[in-house]
Amino acid sequence: MLIQLSELFTCEGKKKEYTVETSLRTLEFGGETYRILEAPPFVLEIESLTRRKFAMRGSAAVTVEGHCARCLEPVSFVCNLCFDREFAIGEGNGQEEDSEEEPYLDGSCLDADRLVCNELLLSLPMRVLCREDCRGICNRCGTNLNFGTCTCDTRSLDPRMSVIQEIFNEFKEV
Ligand SMILES: [Zn+2]
Ligand SMILES: [Zn+2]
């Protein structure tokens, strides 16, 4: 959804409420594809402060599905997005000095999908876990250790530990 910011100049109070429906379905981040499970329409109010400066207000709750970093099971979680901020649009052609333009702006157009996408990327957790104490999967047999146990050598369950263990063993053999 594109919002033409120039239309605000003729609106009463120079502000307008938009009902934003995002068409975003997936989100790529850090090598993982997140699925957007639910993104209900939300109200975004945009007010023009000067010819180039605007303020927006709004919030949205988006349900995202990723995968647990330890056991790889799908995990869904809610990202609460807040859009309250001021932003400025560029002059257009030529002067690109302070062109720290927001990625969701294209000239005097605001791309609501990119705005949501941008905000989602910022709110994604550094690491998705199905639960804090997820026990992960056995790196030898693949058993999900949250649901069962396996008979593998449990001293090398953690892949990082097993590397250390291997180095250690090599030293012993010499
Ligand atoms: Zn997990
Ligand atoms: Zn195992």
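Reckoned from all heavy atoms, side chains included, excluding hydrogens, waters and symmetry mates. Residue numbers count from 1 along this sequence. Every number for a ligand or one of its atoms is a count from 1 in the order of the listing.
Arg85 has a carboxylate O that lies under 4.0 Å from a charged side-chain N of Glu119, or vice versa, which qualifies the two as a salt bridge.
Classified by interplanar angle (parallel below 30°, tilted 30° to 60°, perpendicular above 60°), the ring pair Phe42/Phe83 is parallel. Note on ring orientation: taking the six-membered ring where Trp is involved, the planes of Phe87 and Phe54 are parallel (angle under 30°, cut-offs 30° and 60°).
Less than 2.8 Å away from the Zn ion (ligand 1), the protein contributes these N/O/S atoms: Cys68 SG, Cys71 SG, Cys130 SG, Cys134 SG.
In Arg57, the CZ atom is crowded: over 12 heavy atoms of neighbouring residues, nucleotides or ligands sit closer than 6.0 Å.
Of the possible polar contacts, one joining the Arg70 side chain to the Cys134 backbone as a donor-acceptor pair under 3.5 Å is found.
Angle SG(Cys138) to the Zn ion (ligand 2) to SG(Cys141): 110° [nearest 10 degrees].
Here the closest non-hydrogen pair linking Thr50 and Phe9 is O-CE2, 3.9 Å.
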